[in-house]
K.L.:
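Provided herewith is a single structure, encoded as structure tokens, for subsequent inquiry.
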Amino acid sequence: SASKVVKKDEPVSETKTKAKKYPNGFEIHQLKQGKASGKVAKAGKRVTMKYVGKLQKNGKVFDQTKGNATFKFRLGVGEVIKGWDRGVEGM
């Protein structure tokens, strides 16, 4: 059988719940889609979001936005960890 070569930064699978899983164990789960009329997140543009960071092992929340607070950053320019830049682009 043929095997697919997966690049380090390329997702290896995507589930029905909008989850992308990478070879290094990094996962992105899109739980709620933005407005259909909204713009697609592109490198260099400012993005705003709410998030919950959980440990995969036990589901323990280690960070999150609270209440109506949001997290804002410019995408793809290194203002945040690589996982944010990779995971948010295209949403």
Side-chain angles (χ1 to χ4, degrees):
S1 72
S3 62
K4 181 181 176 192
V5 175
V6 178
K7 294 180 182 175
K8 184 177 178 182
D9 296 335
E10 179 180 308
V12 292
S13 68
E14 191 164 337
T15 65
K16 293 178 184 178
T17 60
K18 296 282 187 176
K20 293 181 185 177
K21 297 181 181 184
Y22 292 78
N24 65 357
F26 176 67
E27 295 182 12
I28 302 165
H29 295 263
Q30 183 176 334
L31 303 178
K32 183 177 177 185
Q33 186 167 340
K35 297 176 185 175
S37 61
K39 296 180 181 179
V40 174
K42 295 181 182 178
K45 298 293 182 179
R46 209 149 167 76
V47 295
T48 303
M49 59 187 31
K50 290 185 171 204
Y51 72 93
V52 176
K54 294 182 181 182
L55 298 176
Q56 186 177 25
K57 181 179 178 180
N58 59 13
K60 181 179 178 183
V61 174
F62 62 85
D63 195 16
Q64 67 182 332
T65 51
K66 307 252 190 223
N68 290 327
T70 56
F71 181 59
K72 299 177 184 183
F73 64 97
R74 204 163 48 128
L75 187 62
V77 298
E79 289 184 1
V80 292
I81 61 172
K82 288 181 184 180
W84 280 94
D85 279 338
R86 290 180 186 150
V88 174
E89 189 168 10
M91 286 187 167

K.L.:
Can you give me the closest heavy-atom contact between Gly76 and Ala43, atom names plus distance?
P.N.:
CA-CB, 4.4 Å

K.L.:
Within this structure, what is the CG-CZ distance for the pair Leu75 and Arg46, rounded to the nearest 0.5 Å?
P.N.:
11.0 Å

K.L.:
Kindly work out whether a path of hydrophobic side-chain contacts (I/L/V/M/F/W/Y, heavy atoms less than 4.5 Å apart) joins Ile81 to Val77.
P.N.:
no

K.L.:
Do Val47 and Trp84 have side chains that approach each other closer than 4.5 Å (heavy atoms only, starting at C-beta)?
P.N.:
no

K.L.:
Is any side-chain heavy atom of Val80 less than 4.5 Å from a side-chain heavy atom of Asp85?
P.N.:
yes

K.L.:
Hydrophobic cluster membership, with links at side-chain heavy-atom distances under 4.5 Å among I/L/V/M/F/W/Y: are Val88 and Val40 in one?
P.N.:
no

K.L.:
Can you list everything that forms a salt bridge (Lys or Arg N to Asp or Glu O under 4.0 Å) with Glu79? Sequence neighbours excluded, please.
P.N.:
Arg74

K.L.:
Could you give all pairs that pass the side chain to side chain donor-acceptor pair (under 3.5 Å) test and reach residues 48-61, with sequence neighbours left out?
P.N.:
Glu27-Gln56, Tyr51-Asp63

K.L.:
Give me the other members of the hydrophobic cluster that Val52 sits in, counting Ile, Leu, Val, Met, Phe, Trp and Tyr linked by side-chain heavy atoms under 4.5 Å, directly or via other members.
P.N.:
Val61

